[in-house]
Visitor: 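After the structure tokens below, expect a handful of questions from me.
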Amino acid sequence: MPRRDLLVLLAAFALSVAVRAPLVDRPLSAHHEYCTAFTLIALTNWWEDGFITHQGMPSGGWIREGEALYPSGPAHRNERAAGLYYFSHPPLAYDLPYALFVLTTIPPNAAGLQWMNICFHLLTAIGLYHGVRLALDRAPSLAPLFAGTLYLFVPATLWFHGNAYMSDMFVQVPWVWQLVFALRILRRGARATTRTWAGFTILLFLTLYTSWLGVFALMTVVLIAFARWRTDRGVPVLGIFGCSVLAFIAAFGLTAWRFLQVIDAHALIAHFEERFAVRGSFGAGTDIIASLQQIAVNYRISYLPVIVLLMILFVVRWRRGKVFDHVVPEIKLFVALTGLPVLLDHMLLLQYAEHDFAALKAAPLLCGLAGMGLAEVLRRWQWTMLVLTCLAGVAYFYRTNPLPGRDGRRYAQEQELGRFIAANAAPDELVFGAGISTEPQVTWYAHRNVLGVADEEAARRFLVEHDRDRGVVIEVNGTGYAATHIMR
């Protein structure tokens, strides 16, 4: 990367940090900050009880408190595991921040996790820069710089590489860098070195060990390799297939080994089937039209400024009659590598894609194409259009995530509720929530599990069923909260 481009990217990153700094360490509340709270609870369980105590398994609830609600003994191992631990993603996105907290001897906290996430943002933007540069076959162009800069300022990345953190956010880092090495191998006329093959395999492994996106990335790179091999026998299809299989076996094997420390294989498969019915595209209750409408809303919230820019660039290119392939030699390869995994993700996990953080996966494709298009307009318009798009991205970001003091006290609600619970629940009482939020943000601030119930009578029945003596029911009381202590 030329020094000028690096300095511009670092300056742009510094500006993006300034945009987000007022929101860092605000009370965890809206716009998927439950992901951050969920992660913090998992890390704090490890911090307080020991990583080995829980076999390195993440959990969105306080385990020591929760395990008392399940029967003890080997016969109930699977029931306990399914109720206490989180199996939906491989564990790397939890391992890495935990390791960083341990190395710095700082207990897991929201600000620390968010600043880590912001640093991951820079790493991903630099990776996208190199990916676009390779798609251009290293020809001199401003497209990589424009793409990396746009990635720093679209609303989706400003937020999900900032305040909200979990596997779906962190996976962008290894995935985008895996794209860089895949491009080095699959470009026409490429001669991959041993270091390139090693980098591709390791980064594909890390992507697989973080999120299901890794599976779709693996499928994509293998399909592309076979497709290109049909017309160009020089494509190293066996090498790509072999490295992909090696990365998959390593990631799948390590994940399975960790999961099977706490749950049996048949119970884990049954759990995955249950989760896929809820998150997949083929469940009985799937409303495809409603899901697609929600995804469209998510993309509008996440990318409206860059989508508008792409539409303008498309009209300009269409009127000028230019063919994109003449400008970007490997644009089809870039689009396939960045777009097909996202398409597979949305097609096969449609209900999961309703979460707006799932749209983050499309940022490399949209920002990459916008950067390429910007590089081809008249020079006097390039920087103006880039700056206007970035400013629009910041404005739209603040529209969705108002600055503290302009949120109508929305940000403080879960924190206030959690602290009320912490102050009013005795250690030997189960905490019940009737008509209140039981989201992970509340659990994080209360440092207690909160069980949702319909009313006080339902809470008493729960105490009897689980042979517990005491509980406290938290309810809304006018403008505040009330705590009613109960006994079975």
Side-chain angles (χ1 to χ4, degrees), residues 9 12-13 16-17 20 31-32 35-36 39 89-97 100 113-132 144 147-183 199-200 202-218 220-221 251 298-299 302-303 306 334-335 337-346 349 352-353 355-371 393 397:
L9 266 184
F13 174 68
S16 78
V17 170
R20 289 172 285 185
H31 201 183
H32 294 291
C35 298
T36 309
T39 303
H89 290 279
L92 182 60
Y94 300 91
D95 294 345
L96 182 58
L100 293 174
L113 187 61
Q114 289 164 349
W115 284 117
M116 288 183 205
N117 202 16
I118 288 171
C119 291
F120 296 151
H121 190 190
L122 175 61
L123 293 177
T124 312
I126 293 173
L128 180 60
Y129 173 99
H130 286 288
V132 173
T149 302
L150 286 169
Y151 192 87
L152 292 170
F153 285 101
V154 290
T157 62
L158 283 169
W159 183 253
F160 292 118
H161 280 303
N163 279 53
Y165 176 88
M166 67 176 301
S167 301
D168 291 88
M169 296 69 161
F170 174 72
V171 75
Q172 296 288 108
V173 183
W175 177 50
V176 168
W177 279 97
Q178 176 267 329
L179 295 173
V180 172
F181 284 89
L183 281 161
F200 169 75
I202 292 169
L203 286 159
L204 182 57
F205 161 76
L206 294 176
T207 309
L208 287 160
Y209 197 42
T210 303
S211 172
W212 290 99
L213 180 63
V215 176
F216 304 131
L218 182 152
T220 295
V221 75
N298 295 343
Y299 272 78
S302 300
Y303 299 112
V306 80
F334 178 84
V335 170
L337 286 171
T338 56
L340 187 54
V342 183
L343 181 62
L344 290 170
D345 176 273
H346 291 1
L349 300 173
Y352 190 72
H355 295 103
D356 63 345
F357 55 71
L360 178 64
K361 302 176 180 73
L365 172 64
L366 296 176
C367 294
L369 290 177
F397 167 75

Visitor: Please tell me if the side chains of L204 and L208 come closer than 4.5 Å, counting only heavy atoms from C-beta onward.
Guide: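 Touching, per the 4.5 Å side-chain cut-off.
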
Visitor: Can you confirm whether Q178 sits close enough to F200 that some side-chain heavy atom of one is under 4.5 Å from a side-chain heavy atom of the other?
Guide: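 Answer yes - side chains close enough.
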
Visitor: Quick check: does any side chain N or O of H130 sit under 3.5 Å from a backbone N or O of G127, one acting as donor and the other as acceptor?
Guide: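 Side chain of H130 to backbone of G127: no pair is present.
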
Visitor: Hey, does L213 have a side-chain heavy atom less than 4.5 Å from the side chain of P341?
Guide: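 A side-chain contact under 4.5 Å exists here.
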
Visitor: Just by distance, no angles: are the side chains of H32 and N163 close enough, under 3.5 Å, to form a donor-acceptor pair?
Guide: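 No, no side-chain donor-acceptor pair sits under 3.5 Å.
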
Visitor: If you round to the nearest 0.5 Å, how far is OG1 of T338 from CG of L369?
Guide: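 L369 CG to T338 OG1: 6.5 Å, rounded to 0.5 Å.
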
Visitor: Identify the heavy atoms of S302 and P155 that sit nearest to each other, and give their distance.
Guide: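 In this case the closest contact between S302 and P155 is O-CD, 3.2 Å.
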
Visitor: With no hydrogens and no angle check, do the side chains of Y94 and H89 hold a donor and an acceptor under 3.5 Å apart?
Guide: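 Their side chains do not contain a donor-acceptor pair, so the 3.5 Å distance test is not met.
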
Visitor: Could you please spell out the steps behind the side chain to side chain contact (heavy atoms under 4.5 Å, CB included) verdict for T157 and L360?
Guide: CA-CA 7 Å; T157 62; L360 178 64; 3.7 Å; yes

Visitor: Does S211 reach the side chain of F170, with side-chain heavy atoms less than 4.5 Å apart?
Guide: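 They are not in side-chain contact.
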
Visitor: Are the side chains of V221 and F181 in contact, using a 4.5 Å heavy-atom criterion?
Guide: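 With C-beta onward as the side chain, the pair stays apart.
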
Visitor: Would you confirm whether Y151, through its side chain, and G368, through its main-chain N or O, come within 3.5 Å as a donor-acceptor pair?
Guide: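 Judged by distance alone, no pair lies under 3.5 Å.
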
Visitor: Start with the C-alpha distance between L337 and W175, add both sets of side-chain angles, then the distance that settles side chain to side chain contact (heavy atoms under 4.5 Å, CB included), and finish with yes or no.
Guide: CA-CA 10 Å; L337 286 171; W175 177 50; over 6 Å; no

Visitor: Looking only at the aromatic ring of each residue, does the gap between the centers of H121 and F160 stay below 6.0 angstrom?
Guide: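 No, the ring of F160 stays outside the 6.0 Å limit from the ring of H121, centre to centre.
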
Visitor: Shortest non-hydrogen contact from A93 to T210?
Guide: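 Minimum heavy-atom separation between A93 and T210: CB-CG2, 4.1 Å.
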
Visitor: For a side chain to side chain contact (heavy atoms under 4.5 Å, CB included) check, start with the C-alpha distance between V176 and I126, then their side-chain angles and the critical distance, and finish with the verdict.
Guide: CA-CA 9 Å; V176 168; I126 293 173; over 6 Å; no

Visitor: Can any side-chain N or O of R20 pair as donor or acceptor with the backbone N or O of H161 at less than 3.5 Å?
Guide: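 Present.
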
Visitor: What pairs with Y209 under ring pair (Phe, Tyr, Trp, His ring centres under 6.0 Å), at least two apart in sequence or on another chain?
Guide: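 Y209 satisfies ring pair (Phe, Tyr, Trp, His ring centres under 6.0 Å) with F205 once adjacent residues are dropped.
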
Visitor: Return the CG to OG1 distance between D345 and T220, rounded to the nearest 0.5 Å.
Guide: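 OG1 of T220 is found 10.5 Å from CG of D345.
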
Visitor: Taking the side chain from D356 and the backbone from N298, do they hold a donor-acceptor pair closer than 3.5 Å?
Guide: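 Checked: no pair found.
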
Visitor: Once you round to the nearest 0.5 Å, how far does CZ of F357 lie from NE2 of H31?
Guide: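 Atom-to-atom, F357:CZ and H31:NE2 are 10.0 Å apart.
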
Visitor: For Y129, what residues pass the side chain to side chain donor-acceptor pair (under 3.5 Å) criterion, not counting sequence neighbours?
Guide: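 With sequence neighbours excluded, Y129 shows a side chain to side chain donor-acceptor pair (under 3.5 Å) to D5, given in chain and number order.
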
Visitor: Given the rule in the side chain to side chain contact (heavy atoms under 4.5 Å, CB included) test, do F216 and V342 qualify, once you have shown the distances and angles that lead to the verdict?
Guide: CA-CA 8 Å; F216 304 131; V342 183; over 6 Å; no

Visitor: What pairs of residues pass the salt bridge (Lys or Arg N to Asp or Glu O under 4.0 Å) test when at least one of them lies in residues 156-173, not counting sequence neighbours?
Guide: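 As it turns out, the salt bridge (Lys or Arg N to Asp or Glu O under 4.0 Å) pairs with a partner in residues 156-173, which skip direct neighbours, are D168-K361.
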
Visitor: Using modelled atom types and a 3.5 Å cut-off, is there a donor and acceptor pairing between side-chain atoms of S16 and backbone atoms of F153?
Guide: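 No.
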
Visitor: Nearest 0.5 Å, what's the CH2-CG distance between W177 and L206?
Guide: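 CG of L206 is found 13.0 Å from CH2 of W177.
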
